[in-house]
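Heavy atoms only: backbone and side chains are in, while hydrogens, waters and symmetry mates are out. Residue numbers start from 1 in every chain, and the chains themselves are labelled A, B, ... in the order their sequence lines are given, proteins ahead of strands. Only a predicted model underlies this, so the values are computations on that prediction, with no experimental measurement involved.
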There are 2 protein chains.
Amino acid sequence: MRDAEQTRQKILDMSADEIHKHGFTATSLSSILKRCKVSKGALYHHFPNKMELGYAVFEEIYTPMFLAMWKPAVEVDDPIEGLCQFFKLMSTESSCEEIVCGCPLNNLCQEMSAIDEGFRLRILNMQQQLNQLIAINLQRVSAQLRPDIDFTQVAYFIVASFHGSSSLSKSSQNKDLFTKVINELCQYLENLRNN
Amino acid sequence: MRDAEQTRQKILDMSADEIHKHGFTATSLSSILKRCKVSKGALYHHFPNKMELGYAVFEEIYTPMFLAMWKPAVEVDDPIEGLCQFFKLMSTESSCEEIVCGCPLNNLCQEMSAIDEGFRLRILNMQQQLNQLIAINLQRVSAQLRPDIDFTQVAYFIVASFHGSSSLSKSSQNKDLFTKVINELCQYLENLRNN
DNA sequence: TTTACAACCGACCCCTTGGTCGGTTACAAT
DNA sequence: ATTGTAACCGACCAAGGGGTCGGTTGTAAA
């Protein structure tokens with residue numbers, strides 16, 4: 001057979017990129033098709049409709065990529081330092097275009113959660129996973145932290161601030177803002193320690 | 001004449017609401033027209049095209065509303081307390097639907113800044129205004145604050161976190177998350193004081 | 001009363017979109 | 001060599017988008 005899995009993957013990858021750049025609704029199937037050099041028939045052979053294609057991108061591309069990013073940052077000996085390094089690495093290593101496009105997953109969440117139930121549930125699930133990941137690992141080193149910490153709350157705050165900084169730099173199309181806000185986020189993190 | 005200004009305003013108001021709910025691109029002129037009970041001719045009499053209508057909503061509705069919200073919160077005797085109260089009021093007083101729709105201005109920024117230069121410039125301008133507003137008022141009470149504070153950076157962080165919390169609750173469609181993150185943001189603010 | 005024009009109307013246009021469907025092609029199994 | 005079928009093709013479709021334009025209506029000024 002012609003390599004079906006490869007075709008599927010190509011569609012998925014290109015879709016992920018197009019959706020990152022233009023958003024889900026604004027991404028047209030024809031633009032994906034053109035980039036893949038694949039026919040519409042092929043696309044609809046692998047995915048029943050656009051929405052399901054979106055779900056697949058969310059589940060098979062964005063979510064794994066996202067968790068693979070956060071996991072090592074937080075499962076390290078000192079998660080506070082791990083997070084700071086992760087954030088700073090992101091602000092130095094990422095290209096300007098990447099930063100300015102925003103976090104692909106966050107973008108998709110913003111756009112789709114209110115519109116489509118299928119997306120909403122997937123998002124909710126992933127959010128809880130991420131929150132637990134962070135909260136548990138902070139709790140693990142709670143001896144080094146201030147006594148009054150609500151771990152779940154702090155975990156949500158970290159994610160919110162990170163996405164906020166990504167959003168800010170996206171809406172101003174200016175990477176420097178990202179760095180600035182990340183700096184302050186790191187200071188907040190350091191302040192969680194008891195001293 | 002039939003009250004032209006009133007017609008224009010009605011179009012603007014309804015557009016603002018539709019755009020808040022569905023985003024700029026996803027908002028169709030026909031849906032606005034239907035709600036206003038105004039003809040397409042009337043709309044195109046007052047606005048040259050959809051983009052300009054968007055600009056008008058941004059400038060005449062969102063921006064003033066936005067600044068009117070933040071200004072009093074920060075120009076009060078104690079801006080730290082002012083901000084905390086503002087945030088908490090927002091989390092208690094706002095309806096669930098409102099919260100879950102996200103900040104209208106932030107939504108529009110996310111959606112349009114990368115796509116359209118006209119929006120980008122307006123957004124940039126407004127962002128700087130807001131940042132200065134906050135930074136100046138924090139600096140005003142710098143005697144009460146920690147000595148190591150970078151006011152611009154902190155101001156951006158506050159806005160980013162606020163929008164982040166709004167985004168988080170939007171993407172999970174859950175108001176409680178908003179309250180949680182706002183709580184942590186207030187704690188961060190209190191921590192800016194020197195003690 | 002006439003006139004001039006801003007304000008408004010809505011049928012129409014073209015374009016793009018997601019989605020369909022009858023047909024073709026490559027390959028594995030028999 | 002034959003056959004069955006997964007994989008793929010692309011012309012076609014209806015719906016909805018933004019935008020146009022010739023025409024009508026209300027009203028203030030002359």
Taking 4.0 Å as the cut-off, does a side-chain nitrogen or oxygen of B:H45 come that near to OP1 or OP2 on C:dA7? yes

Hits for side chain to side chain donor-acceptor pair (under 3.5 Å) against A:Q85, two or more places apart or cross-chain, chain-then-number order -> A:E81

Would you kindly give the CZ-to-P distance between A:F47 and C:dT20, to the nearest whole Å? 16 Å

Donor-acceptor contacts under 3.5 Å from residues 107-118 of chain B side chains, at least two apart:
| from | atom 1 | to | atom 2 | distance (Å) |
| --- | --- | --- | --- | --- |
| B:N107 | OD1 | B:K170 | NZ | 3.4 |
| B:N107 | ND2 | B:C101 | O | 2.6 |
| B:Q110 | NE2 | A:S167 | O | 3.1 |
| B:E111 | OE1 | B:F24 | N | 2.8 |
| B:E111 | OE2 | B:F24 | N | 3.4 |
| B:E111 | OE2 | B:T25 | N | 2.8 |
| B:E111 | OE2 | B:T25 | OG1 | 2.7 |
| B:S113 | OG | A:K170 | O | 3.0 |
| B:S113 | OG | B:C109 | O | 3.0 |
| B:D116 | OD1 | B:Y55 | OH | 3.4 |
| B:D116 | OD2 | B:Y55 | OH | 2.5 |
| B:D116 | OD2 | B:G118 | N | 3.0 |
| B:D116 | OD2 | B:F119 | N | 2.9 |
| B:E117 | OE1 | B:R120 | NH1 | 2.9 |
| B:E117 | OE2 | B:R120 | NH1 | 2.9 |

Could you tell me which residues satisfy side chain to side chain donor-acceptor pair (under 3.5 Å) with B:K34, sequence neighbours excluded, listed by chain and number? none

A:E52 CD to C:dG19 C1', in whole Å, measures 14 Å

Nearest-angstrom distance from the residue atom CG of A:L43 to P of C:dT17: 14 Å

Whole angstrom is fine here: how far is it from CD in A:E18 over to P in C:dT17? 11 Å

Can you check whether A:H46 has a side-chain N or O nearer than 4.0 Å to OP1 or OP2 of D:dA6? no

Taking A:R35 for its side chain and A:S15 for its backbone only, find out whether a donor-acceptor pair lies under 3.5 Å. no

In whole angstrom, what separates A:I32's CD1 from C:dG19's P? 11 Å

Between P of D:dC9 and CG of A:L33, the distance in whole Å: 9 Å

Round to the nearest Å and state the distance from B:K34 atom NZ to C:dC9 atom C1'. 17 Å

Sequence neighbours left out, what passes side-chain contact (heavy atoms from CB on, under 4.5 Å) with A:R140? Give chain and number order. A:P79, A:N137

Side-chain N,O (A:T7) to OP1/OP2 (D:dC8) below 4.0 Å: yes

Would you give me the side-chain donor-acceptor pairs under 3.5 Å for residues 154-163 of chain A, sequence neighbours excluded?
| from | atom 1 | to | atom 2 | distance (Å) |
| --- | --- | --- | --- | --- |
| A:S161 | OG | A:F157 | O | 3.0 |
| A:S161 | OG | B:S161 | OG | 3.0 |

Once you round it to whole Å, what is the distance between C1' of D:dA28 and CG of B:D3? 15 Å

Which letter, B, S or -, goes with each nucleotide of nucleotides 16-21 of chain D from 5' to 3', with contact meaning a protein heavy atom under 4.0 Å? -SBBB-

Between B:S142 (side chain) and B:L138 (backbone), is there a donor-acceptor pair under 3.5 Å? no

